[in-house]
Colleague: 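Pasting a structure below so you can have a look.
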Amino acid sequence: MGDRVLFQVVRGQSFGPVVYCHWSGARAPEIVRKLAARMADRTGDLDYATARLVQECTAPDTDGALSFGVSNAAAMLTAEDSHGDAGVVLIDCDSFSCECLGGYLATGPDGFPVDQQVTA
């Protein structure tokens, strides 16, 4: 079924579009860390951070039509928006700390997502 994750960059009560990754739940911690490093000198820019998030999420080796999507958001995501799997990752573009909701990801003490997926 995939390892789905929804990302959304937020700033206060403002929010960007939803970035959907079908196979990237376990990569969420790496994606957010790379985004934070890329945006270190441009914090607080919601639009630019969202664009760079898309850049970090798209993988050239992903085949098929289920790998990635972007959609307009009517509101900030909540745990109820999760597809399951890794859930929802809200990324604060001021600090690049995260809030992980509705899936196996948890927010670590450093503010980044922690992959706590249990594999058989």
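Values reported hereafter were calculated over all heavy atoms of this structure, with side chains retained and with hydrogens, waters and symmetry mates removed.
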Colleague: Please give me the minimum heavy-atom distance between V88 and T78, naming the atom from each residue.
Modeller: CG2-O, 3.6 Å
Colleague: Is it the case that atom CG in N72 sees more than 12 heavy atoms from other parts of the structure closer than 6.0 Å?
Modeller: no
Colleague: Without swapping roles, check the side chain of R11 against the backbone of L46 for a donor-acceptor pair under 3.5 Å.
Modeller: no
Colleague: Using side-chain heavy atoms (C-beta onward) and a distance below 4.5 Å, is F7 in contact with T50?
Modeller: no
Colleague: Could you tell me the separation between the CD atom of Q55 and the NZ atom of K34, rounded to the nearest 0.5 Å?
Modeller: 11.0 Å
Colleague: Between S24 and I31, what is the shortest heavy-atom contact and its length?
Modeller: CB-CD1, 4.2 Å
Colleague: Sub-3.5 Å donor-acceptor pair from the side chain of T43 to the main-chain atoms of S95, do we have one?
Modeller: no
Colleague: Which distance, rounded to the nearest 0.5 Å, do you find between the SG of C93 and the CZ of R42?
Modeller: 11.0 Å
Colleague: Taking all heavy atoms of S71 and all of P17, pick out the closest pair and write down the distance.
Modeller: O-CB, 3.2 Å
Colleague: Kindly compute the distance separating CZ (F112) from CZ (F96), expressed to the nearest 0.5 Å.
Modeller: 9.0 Å
Colleague: To check you understand the geometry: which heavy-atom pair defines the closest contact between L6 and D81, and what is its length?
Modeller: CD1-O, 3.4 Å
Colleague: Salt bridge check: are R52 and E56 linked by an N-O gap of less than 4.0 Å?
Modeller: no
Colleague: Within the distance-only criterion (no hydrogens, no angle test), does the side chain of Q8 pair as donor or acceptor with the backbone N or O of V18 below 3.5 angstrom?
Modeller: no
Colleague: Tell me the closest heavy-atom pair linking E99 and L101, and the distance in Å.
Modeller: OE2-CD2, 3.5 Å
Colleague: Linking I/L/V/M/F/W/Y whenever any side-chain heavy atoms sit under 4.5 Å apart, do I91 and V114 land together?
Modeller: no
Colleague: If we only count heavy atoms from C-beta on, is the S67 to T58 side-chain gap below 4.5 Å?
Modeller: no
Colleague: Evaluate the side-chain contact (heavy atoms from CB on, under 4.5 Å) criterion for residues V5 and D85: first the C-alpha distance (whole Å), next the side-chain angles of each, then the deciding distance (0.1 Å), finally the verdict.
Modeller: CA-CA 7 Å; V5 63; D85 301 326; over 6 Å; no
Colleague: Strictly distance-based, threshold 3.5 Å: is any side-chain N or O of Y20 a donor or acceptor partner for the main-chain N or O of R4?
Modeller: no
Colleague: How far apart are the closest heavy atoms of Q116 and A106, and which atoms are they?
Modeller: OE1-CB, 3.5 Å
Colleague: Rounded to the nearest 0.5 Å, what separation is found between the CG atom of D115 and the CD atom of E30?
Modeller: 11.0 Å
Colleague: Could you grab the distance from atom CG of L77 to atom CZ of F15, nearest 0.5 Å is fine?
Modeller: 9.0 Å
